[in-house]
Each structure stands twice: as C-alpha cells, then as structure tokens.
A.B. asks: 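Here it is: the structure, laid out below.
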Amino acid sequence: MRRLGPWRIFLIVEAILLITLGWQLFSHVPSLVFLVLGGLSLHIAIKSKQRRFLTSFFGLFGILSIAITLLTNPTIWLMVIVAIFFALTQGYDWHAQEKHLRWLPWHKKAFHAVKTCEPEMHACDVAQTSWFGNQTIGNDVFEWNDINLVLAAGDTIVDLGNTLLPKADNTIVIRKGIGRTRILVPIGTAVMLDHTALVGSVTFNNKQYKMGNTALKLYSKDYDENPRRIKLLTNVLIGDLEVIFV
C-alpha cells in the first residue's frame, strides 16, 4: 500500500475541514442568510457603474457580512492553525523563498552597536524601539546600561564586539515575536544564555540546539571565574538565535 506523504495528509485534513465548514454554514440559517446577503451586496456593488453612497454601503455591508460569518466560525480558525503548523514543520521551504519575501516587516534588519564610557550621574532615561527592528543603538558613545528590547519582528543584530564591559554582571533582555537574532560578544567575556522559543534553533559555542516550545539555559566554561559576565535573557516565538564570539 502506497504511503501517504505529508502534503496529501495536509490536503485531506483541509478538505475535511472545508466540507465541515460548508455543512455548518448551510445548516445554520442565520449564517446562511448573512452569507447570501453579503454575496448579493457585493454583486450589486461590483455591477453598479455609479460611485454613490449606496454602492459604497452595499460593498462595505457585503464584505463585513461575509467576514463576520466566516471569522465567527471556529472551523475556519482550525483550518488556519493546521496550515500554519504544517508550514512551520515541513510543508514549506521558507529559506528558499526568502529573497521573494524581503518586503515582509520581519525581514527588516536592526543593527545595535554598543560603545561605553565612564559612568556618570544616574538620570531618568526614556527610549522607544521600533516594532519591526528598524533601530540602531550606539551611534554615539554612552554609558553602559543594560539593554532591554521588545520587538514584534525583524532580523536583529546586537554588536558588543568593540565594547569593554564593566567588571560586573551585565544583562541584555530581548523579547521578540518573529525573526533571527544575532548577538556579537567580545572574546574574553563569560556568557549565560537563558532562551525560550516556540520554534527555532540556538547556536552557542559552535553547537546548535533545536527549539520546540523549549526553555534552554547555557553557560560558557569560565562563567564562574570571569569577572566580566553578561546575562542574555531572550524570548522569541519563532526564530533563530546565534551567540557569536568576536
């Protein structure tokens, strides 16, 4: 007997859910009425040659009727979840299509180059970061402060390569939705990495770790003895993390 491939299983599951969705819509009278009214309204709006208030009203009413009817049905959300899960696991080669998807917001890159100077008097500091990573930290020399970044999506690089960290426990916190993150750490600095991710991988000390709803804690060999230490606390939903010593 021929074995079913992942694509066939995916299409069969989606077809079953689609049939279930159709049965639910046609067996539920209010949903069916809203769907028919929405279709008729869109038809009237498209066929009408005059751009009047009624035409815009029919178009808006049709779109809202169909959207509300579909989005309030749990089966449509189950279809979306199955498709996303399949795409993230094995259904789609994202890396092969990356050059065609550069317009997406999470492919925007952010470069954070950090420099330090002697500590000064402490003062209130307010900084705003971009949702999608289009921000550079470290254009000018400034006092070292622990870094705390919150990003929705993006390709982020935090460069500590030219930084002489204070002899203390320094901290970098990155909370992120989607995207790749690279942290460049100067050689001679001890690192503690505390990372959680839903889907992705971690590269640390030339070793790679696969992440699947996983919490991972790693230490460099000289962490207990080295006076210059940095704690990397990172949380991402989907994305790869690299800690690179330069």
Side-chain angles (χ1 to χ4, degrees), residues 95 98 106-120 122 125-246:
H95 294 289
E98 186 174 359
W106 50 82
H107 283 159
K108 296 180 180 180
K109 299 182 184 297
F111 183 78
H112 304 274
V114 180
K115 301 177 183 179
T116 59
C117 67
E118 291 298 325
E120 299 176 354
H122 293 288
D125 183 27
V126 179
Q128 184 175 5
T129 57
S130 170
W131 283 93
F132 297 104
N134 282 342
Q135 183 176 359
T136 301
I137 295 176
N139 290 330
D140 301 316
V141 177
F142 60 92
E143 177 187 355
W144 166 262
N145 288 311
D146 293 338
I147 298 174
N148 192 341
L149 296 177
V150 179
L151 301 169
D155 189 346
T156 307
I157 300 174
V158 178
D159 186 7
L160 307 176
N162 297 321
T163 302
L164 184 61
L165 294 173
K167 292 183 178 181
D169 286 332
N170 308 282
T171 306
I172 294 179
V173 180
I174 300 176
R175 290 181 288 267
K176 192 171 180 179
I178 301 173
R180 183 183 181 189
T181 305
R182 282 167 285 182
I183 303 176
L184 310 182
V185 180
I187 294 176
T189 304
V191 177
M192 186 278 285
L193 173 65
D194 190 346
H195 180 66
T196 58
L198 186 63
V199 178
S201 66
V202 172
T203 302
F204 184 85
N205 276 340
N206 298 320
K207 293 182 180 180
Q208 191 174 56
Y209 306 85
K210 291 293 183 182
M211 305 291 289
N213 195 19
T214 310
L216 179 67
K217 184 174 287 189
L218 299 171
Y219 295 86
S220 57
K221 295 181 179 179
D222 59 342
Y223 185 80
D224 292 329
E225 297 82 13
N226 198 324
R228 283 193 175 88
R229 298 183 294 192
I230 186 166
K231 295 180 180 179
L232 306 177
L233 309 177
T234 54
N235 300 273
V236 300
L237 289 178
I238 302 171
D240 299 334
L241 171 69
E242 296 180 53
V243 180
I244 305 170
F245 291 90
V246 294

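Everything quoted here is computed from the prediction, not taken from an experiment. Just so you know, residue 1 is the first one in the sequence shown, and it goes up from there.
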A.B. asks: Are any side-chain N or O atoms of Asp240 and backbone N or O atoms of Ser201, one a donor and one an acceptor, separated by less than 3.5 Å?
C.D. replies: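 The answer is yes, because a donor-acceptor pair under 3.5 Å joins these two groups.
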
A.B. asks: How long is the straight-line distance from OG1 of Thr171 back to CD1 of Ile147, given to the nearest 0.5 Å?
C.D. replies: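 OG1 of Thr171 is found 10.5 Å from CD1 of Ile147.
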
A.B. asks: Any chance you could measure Arg175, atom CZ, to Thr234, atom OG1, to the nearest 0.5 Å?
C.D. replies: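 The distance works out to 11.0 Å.
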
A.B. asks: When you compare the side chain of Asn170 with that of Arg228, does any pair of heavy atoms fall below 4.5 Å?
C.D. replies: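 Sidechains of Asn170 and Arg228: no contact.
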
A.B. asks: Work out which heavy atom in Ala215 is nearest to a heavy atom in Thr196; give both atom names and the distance.
C.D. replies: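 Closest approach of Ala215 to Thr196: CB-CG2, 3.6 Å.
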
A.B. asks: So, Asn235 side chain and Ala197 main chain: donor-acceptor pair closer than 3.5 Å or not?
C.D. replies: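 It does not hold such a pair.
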
A.B. asks: Ala190 and Ser220: which non-hydrogen atoms are nearest, and at how many Å?
C.D. replies: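 So the two residues come closest at CA-OG, 3.4 Å.
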
A.B. asks: Is the shortest heavy-atom distance from the side chain of Val158 to the side chain of Ile172 under 4.5 Å?
C.D. replies: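 Val158 vs Ile172: side chains touch.
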
A.B. asks: A side-chain contact here means heavy atoms from C-beta on lying under 4.5 Å apart; do Ile183 and Leu232 qualify?
C.D. replies: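 Yes, their side chains come closer than 4.5 Å.
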
A.B. asks: May I ask you to decide if Gly188's main-chain N or O and Asn226's side chain share a donor-acceptor pair within less than 3.5 Å?
C.D. replies: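 Side chain of Asn226 to backbone of Gly188, a donor-acceptor pair under 3.5 Å: yes, one is there.
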
A.B. asks: Is any side-chain heavy atom of Phe204 closer than 4.5 Å to a side-chain heavy atom of Val191?
C.D. replies: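 Yes. Closest side-chain heavy atoms under 4.5 Å.
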
A.B. asks: Would you mind reporting whether Tyr209 and Thr214 have side-chain heavy atoms less than 4.5 Å apart?
C.D. replies: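 No, every pair of side-chain atoms sits at 4.5 Å or beyond.
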
A.B. asks: Roughly how far, to the nearest 0.5 Å, is CG of Leu233 from CE of Met192?
C.D. replies: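 It comes to 5.5 Å.
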
A.B. asks: Rounded to the nearest 0.5 Å, what separation is found between the OG1 atom of Thr189 and the CG atom of Asp222?
C.D. replies: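 Answer rounded to 0.5 Å: 9.0 Å.
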
A.B. asks: Going from CD1 on Ile230 to OH on Tyr223, what distance comes out if it is rounded to the nearest 0.5 angstrom?
C.D. replies: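 If I round to the nearest 0.5 Å, the distance is 10.0 Å.
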
A.B. asks: Rounded to the nearest 0.5 Å, how far does CG of Leu241 lie from OG1 of Thr203?
C.D. replies: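 CG of Leu241 is found 8.0 Å from OG1 of Thr203.
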
